[in-house]
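Just below is one structure, and these are the notes that go with it.
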Amino acid sequence: MKRTAVWTTGAIAIAALTLTGCGATEAPVEAGDDDGAAAEAITIVDGRGEEVTLPDGPAQTVVALEWNQAESVVTLGGELVGLSDVDGYTSWVGEAAPLPNEPTDLGVRTEPSIEAVSELEPDLIIGSLRSIPEEAMEQMERIAPVALFTGADAADPLDVVRSDFETIATLLGAEERGAEVLAEFDETLEANAARIEDAGLVGTPFVFASPYADGANVTVRMHGPRSATQAVATEMGLTAAWEDDGDDGYGLSNTDLEGLTALPDETEFFYWDNADEEDVVKTSLAGSAVWESLAFVEDGRVHPASLGIWAYGGPASMAAWSDDIVRALGA
Amino acid sequence: MVAVAGDAPATARGWSAAAMVGAAVLVVVWLLVAVVAHLTQGTADLDLAALWALVTGEGTSRDAVVVAESRVPRLLAALVVGSALGASGAAMQAVARNPLASPDTTAVNAGAHLAVTIAAVLGATLSPFAGVGVAFIGGLAGAAVVIALSSGKDASPIRLVLAGSAITLGVSSITSALLLMFPWRTQNLFAWGAGSLAQNGSQTVLTLAPIVVVGIAAIIVFGRRLDLLQLGDDAARSLGLNVGATRVWFIVLAVLLAATAVSITGPIGFIGLCAPILMRVLARWVRPMRRHRILVGMSAVAGIALVLTADVVLRAVVPGGSQVTIPTGVVTALMGAIFLIALAQTVRTGVSSEALASMRAGTRFGRRAPWIVIALAGAGLVAIAVAGALIGDSALLLGDVAHWVQGVASVHVQIVLETRIPRVLAAVLAGACLAIAGCLVQTVTRNPLADPGVLGISGAAAFGAVAVIVTMPQVSFVHTLLGALAGAGAGAVVVFALGAGRDAGPARTVLVGVGTGAAAGALTTLLIVRTDPFNQSMAITWLGGSTYGAFFAHQLPMVAALVVAGIVLSRTSRDLDLVQFDDTTPRTLGIDLGRMQILHIAIAVVLTAVATASVGVISFVGLVAPHAARLLVGKRHATVLPLAAALGALLVATADLVGRTVIAPGQLPAGLVTAVIGTPYFLWLLWRMRARR
């Protein structure tokens, strides 16, 4: 529909161009129509280490280029007017932080449409470091202040989740709500840790994995000890079953099926479930002799989890993830 | 060229039998060592000692399972795929009577990959047999097109490589476009596209192995017909062979083998090329191997040994978990590239029937009034550029532009125009740069099918830029530009140092170029699969040739390069007119040929690098635009060069406009759209060149 609309307007534009030669979609702008905003300016330092200033005070309307930051805006009750890949967000993050409204879809996360963002005239654009080219960021900066976040740091994964969230809360003028959410997050972690303890599961080896299959070829993305998802599990009293430290941002590493033999026998094996993707464990791994020979598979300690919860998300996702662990373990 | 079974002095029967046994022992020992080394490698903790314990019945049950269900399947995959590709390549080379034919050079792999990707996009979950069927249809289509376009009495072996690599380029662009448009459905097809041996159990391999066994057996059983084919069509016909049917059946068998291999592991590149060539080299000393029954069998064994060696080397060099993400095909592609470059050194100079000079060019009107044609192309370009500025996510009118110029436009209009106009400009400039670069390379190498893309210079530039993108913490344009320049420069040095020389014809340059491109491509894939997901999608998008985020200042290098090129070429265009025909005419007229070539290649390299740095890889412009220009106005460079530039700019600007609007607000990189538009035109061009003969 949108496509045809674009084509139709395009055709009309050409027709108008050839028939009348000139025309404009809007009247010329008069100079000096500024009504002199009264609110106090807000300044923060973002993930690039750059100062970002909102001259008119807290952002009322926000465009998010990445899902992590979008989740935080939704959690904080901010008005998200534009988002990259809305369907993907709904599928992968929608359970932890459902969209209260229908933000404009900006297209793929690697090339969000600058024109669409400009049309939305947001007060603030937020995203992840390096998710789009620097030049595109510079163009975005002409539309509204741009704040970029690291999104992940394996050195202290949960600290990044908290500090990014707090910064976004400041930008939205929602510090109170932010503090509440973080306090709730800490309470959730504590309560769930208590339940793990009550269930006698403290010290149980735990891993979160994401298997991909292509024909006969299976790759398993492992969330190592320095990933945010493992950090949540560790704070709840579980231990990291997968030892590879992984990359310095997300703490991820890869292995294949036989590599899973390195996991301890008593591991609780969690894998990422998604409503719109095939369940690789059921379609590809089940029936494989290596998989079936793993002790945790034989004993039924394999759990589909994190449905609609973004493993690289903010406090809402991490709290939902913590609850999901307790649910799956029946603690 | 590599010696095909020929006229070496006859040797005694006994000696040749001994040599045959020796050759067989040599290949089998290589195979055995590779097999044992292969079994000890993997992500589980299971080494040679544990393997020996299993053999003597003392191993643990888990080790037994890992060996039986993970190590052995991978080994089986290597056995099946290696033998299929080796035999397939040997049969293709015999049928085409061309030592450069192989599943890679005939676009079988690219066609099969596209077919499988389309199936994935349509949401089909395929059983192994259905997968082979789909891959077979795609592969057969690829092979049919390439072979049809490059066969014929006068066709040189190089033509097949050129047609094959150009079609591979186009077809893989379409595949990439699909991968970008449907990222969720095709998530893992990117790594698959490079060929990975990992197997989850033996089921797929064992299901498909019978196809390979039957295919190879059929080729060997009817192998004598391949011997007859080598005598030439007429001689074979007089001996009672139905030449046409024989060709078709062997091609079908060869494609079936390659397609089966592709559906098991993805394209493991260049095995089908290298294995038979190695065996042909061996056949110089071992007479019985000149018979195709034996040659095909030996090629199958050599194919296995090569695949295993590549896999062993990969896993010996790359530690632990990261080896999982690196496809074996990357290593074989690197091996094949080195092989191709080495092979090129033995290519003898021959008068190529493909010379630019032999091509008809120019319409009557175009030759009489070239400037009118150029003006028309320019007007078309202006129209598309204006349309490009007005059409996008939201349409604007000229009045908005007028307001913008006067500085009274709203912020929205300002921003839209200031992001859109640089994109249009980037597309126009890049198209012009690449078209001129392609035209120069074609003229200087006198090869109508050469361009910076085919010669691997674009690939090398892209490698340089991607290396910068994935290694630098913050990517700035200057770094990308320097990376692209360094890459393109290095690529050009390799191509023209190893591929040109006093005794080298255009054939050698092209072979080295294709090899360089393959190596650059493999290394780029290596960089991409090794980096984190953010960098990954950024690099893939960039590779697609995108004007996203184009920026006025970043186009200055292109403007500068075009200005310099314009000044130089306005002085040398008469010399270029002479150079395109032969070596002797310009020499007798006192032109320093060597200097001429270096100067123009350097210009082409710089133009390619600046364009690649700004917009990523955009192929086909350099191939298609110069030909279109020659068809219109003839061969005088004073008119061909400007027209080619205008047409190239027109093509890329159109592609950019289409890419920005068809799936808006989503975006398709201009490079992919260019390839999608350019491929059919290029096919028509190849067909036309063939039909003239």
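A note on names: the letters A, B, ... follow the listed sequences, proteins ahead of strands, and every chain is numbered from 1. Note that these values count all heavy atoms, side chains included, but never hydrogens, waters or copies made by symmetry.
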How many angstroms lie between [atom1] in [X] and [atom2] in [Y], if you round to the nearest 0.5 Å?
X: B:Arg74; Y: A:Asp256; atom1: CZ; atom2: CG; answer: 7.5 Å
X: B:Glu69; Y: A:Glu292; atom1: CD; atom2: CD; answer: 10.5 Å
X: B:Leu417; Y: A:Glu115; atom1: CG; atom2: CD; answer: 8.5 Å
X: B:Arg71; Y: A:Glu258; atom1: CZ; atom2: CD; answer: 4.0 Å

Relative to chain B, which segment of A:Met137 carries a heavy atom at a distance below 4.5 Å: side chain, backbone, both, or neither?
->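 Neither part.
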
Part of A:Glu119 lying under 4.5 Å from any heavy atom of chain B =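 Both parts, backbone and side chain.
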
Which atom pair, heavy atoms only, marks the closest approach of B:Ile415 to A:Ser118?
->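 So the two residues come closest at CG2-CB, 3.7 Å.
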
List the atom of B:Val66, the atom of A:Thr261, and the distance in Å for their closest heavy-atom pair.
->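 The pair with the smallest heavy-atom distance is CG2-CG2, 3.9 Å.
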
B:Glu418 versus A:Gln139: any side-chain heavy-atom pair under 4.5 Å?
->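 Not in contact.
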
Considering residues at least two apart in sequence or located in another chain, which fulfil the side chain to side chain contact (heavy atoms under 4.5 Å, CB included) criterion with B:Ala50?
->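 Scan of B:Ala50 (side chain to side chain contact (heavy atoms under 4.5 Å, CB included), adjacent residues dropped) gives B:Leu46, B:Asp47, B:Asp63.
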
Tell me, yes or no, whether the heavy-atom count around A:Glu243 atom CD, taken from other residues, nucleotides or ligands under 6.0 Å, exceeds 12.
-> no

Proximity breakdown for B:Gln406 and chain A, heavy-atom pairs closer than 4.5 Å = neither

A:Phe296: what forms a ring-ring contact (aromatic ring centres under 6.0 Å, His included) with it, not counting sequence neighbours?
->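 Result, ring-ring contact (aromatic ring centres under 6.0 Å, His included) vs A:Phe296: A:Phe269.
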
